[in-house]
Number of protein chains: 2
Amino acid sequence: MTESIESYALDEQVGYLLRLANQRHASIFQSHTLEGLTPTQFAALIRIAELGKCSQNRLGRLAAMDVATIKGVVDRLRQKGLTVVEPDPDDKRRTLISLSPEGGEMVARMKDVGQQITNETLKPLTAAEQRNLIRILRKIS
Amino acid sequence: MTESIESYALDEQVGYLLRLANQRHASIFQSHTLEGLTPTQFAALIRIAELGKCSQNRLGRLAAMDVATIKGVVDRLRQKGLTVVEPDPDDKRRTLISLSPEGGEMVARMKDVGQQITNETLKPLTAAEQRNLIRILRKIS
DNA sequence: ATTCAATTGTTTGTATTATAATAAACAAAG
DNA sequence: CTTTGTTTATTATAATACAAACAATTGAAT
């Protein structure tokens with residue numbers, strides 16, 4: 001049995017390593033974040049700040065989240081009082097999402113924290129490796 | 001509001017890019033996998049094959065999964081008939097996990113598929129970039 | 001202009017993975 | 001032998017993702 005396994009090294013597969021890297025990043029994120037914001041919620045918040053008021057679906061597409069995922073994320077952000085949800089008067093299918101004042105403040109505060117999180121995640125790497133990783137990840141995303 | 005955001009480019013943060021890379025890999029994985037096996041379940045299966053019979057906790061540690069996560073994963077693998085679960089006669093706390101014959105066959109078949117999945121995930125990169133990515137990911141995991 | 005098919009947007013149900021808290025079994029020291 | 005601390009496993013809860021269903025809009029052909 002064993003010899004047929006040796007040839008497949010789990011510890012060198014890109015999928016396995018991506019999961020580990022994500023785990024480490026999530027753990028660093030959690031130790032820095034405010035109000036229990038998750039990386040996904042944070043990403044959505046930043047996108048809303050960039051886009052201004054927009055439909056839930058559009059937000060999901062631009063934040064790389066499934067329609068069901070973005071709904072859950074927006075719901076939780078609204079529960080935390082960070083977003084405002086309202087129907088679109090021009091299109092009855094749509095729900096418009098925007099930042100609440102508290103959401104705006106949160107984004108401002110989280111920007112610095114976000115940079116810290118990135119720095120700590122990349123800390124084991126040289127400056128060249130850091131640039132390389134970002135460049136390569138963008139190519140396979 | 002906008003100018004305070006410009007300085008934080010979500011699309012270049014390592015955490016966001018890791019999530020995107022994971023999404024793409026998961027999607028490729030799903031299009032190749034047998035019996036609806038997830039990347040996590042696959043990793044656990046490979047580890048069991050490497051380790052032989054071992055406790056659930058030890059398996060979790062070596063597959064980089066939380067105690068609760070590995071329990072869920074093992075449960076689902078058992079439901080699919082791929083693993084065998086039995087109490088440890090020497091330590092009543094422990095549950096011993098091993099591959100069923102079907103699990104062994106699955107591992108053998110999945111090895112090739114796993115390589116294909118890795119290749120397809122890395123396809124947008126040059127050979128040097130592929131090696132670089134693996135090396136760098138190992139450093140930050 | 002009207003109808004009908006195709007598209008777009010949202011929601012709901014279900015599955016998987018992850019975090020936190022609890023309980024049971026064991027080991028080691030007094 | 002009992003107390004104290006550690007390891008192992010389970011349960012409850014939360015977050016994310018996929019699939020299917022449903023509702024509103026758009027557009028094309030008559």
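Computed from a prediction, not measured in an experiment: that's the story for all the values here.
Protein atom CG of A:Leu37 is 15 Å distant from nucleotide atom C1' of D:dT16, rounded to whole Å. When rounded to the nearest whole Å, the span between CG of A:Asp91 and P of D:dA24 equals 10 Å. Here D:dT10 presents its C1' atom at 17 Å from CZ of B:Arg94, a figure rounded to the nearest Å. Atoms CG (B:Leu59) and C1' (D:dT7) sit 16 Å apart, rounded to a whole Å.
For B:Ala43 against A:Tyr16, the heavy-atom pair with the smallest separation is CB-CD1, 4.1 Å. A:Ala21 and B:Ser141 make their closest contact through N-OG, 3.6 Å (heavy atoms, listed as atom of the first residue, atom of the second, distance).
Looking at which nucleotide of DNA chain D each of A:Thr40 and A:Val67 is closest to, the 5′-most match is held by A:Thr40. Position along DNA chain C of the nearest nucleotide to A:Gln56 versus A:Ser27 favours A:Gln56 as the more 5'-ward residue. Each of B:Asn57 and B:Ala26 was assigned the nucleotide of DNA chain D with the nearest heavy atom; the assignment lying further toward the 5' end belongs to B:Asn57.
The side chain of B:Arg93 places no N or O atom within less than 4.0 Å of a non-bridging phosphate oxygen (OP1 or OP2) of D:dA9.
Sequence neighbours left out, the pairs with a member in residues 27-44 of chain B that pass side chain to side chain donor-acceptor pair (under 3.5 Å) are B:His32-B:Glu120.
Under 4.0 Å is where a charged nitrogen must lie from a carboxylate oxygen, and between B:Lys71 and B:Asp75 at least one such pair does.
Looking at residues 70-86 of chain B, you'll see B:Val73, B:Arg76 sit with a heavy atom under 4.0 Å from some atom of DNA chain C.
Residue B:Arg58 is classed as having no contact, given no heavy-atom separation below 4.0 Å to the nucleic acid. Residue A:Thr69 is in base contact, counting any heavy-atom pair closer than 4.0 Å across all strands shown.
The shortest side-chain heavy-atom distance between B:Ile117 and B:His25 falls under the 4.5 Å cut-off.
A:Thr118 and B:Gln13 are linked by a side-chain donor-acceptor pair at a separation below 3.5 angstrom, with hydrogens and angles left out of the test. With 3.5 Å as the limit, one finds a donor-acceptor pair spanning the side chains of B:Arg135 and B:Asn132.
Between chain B and DNA chain C, the heavy-atom contact criterion of under 4.0 Å yields a 5' to 3' nucleotide range of C:dT16 to C:dC26.
In this structure, A:Phe42 has its ring center under 6.0 Å from that of A:Phe29.
No donor-acceptor distance shorter than 3.5 angstrom exists from the side chain of B:Thr83 to the backbone of B:Ser98, with no hydrogens or angles considered.
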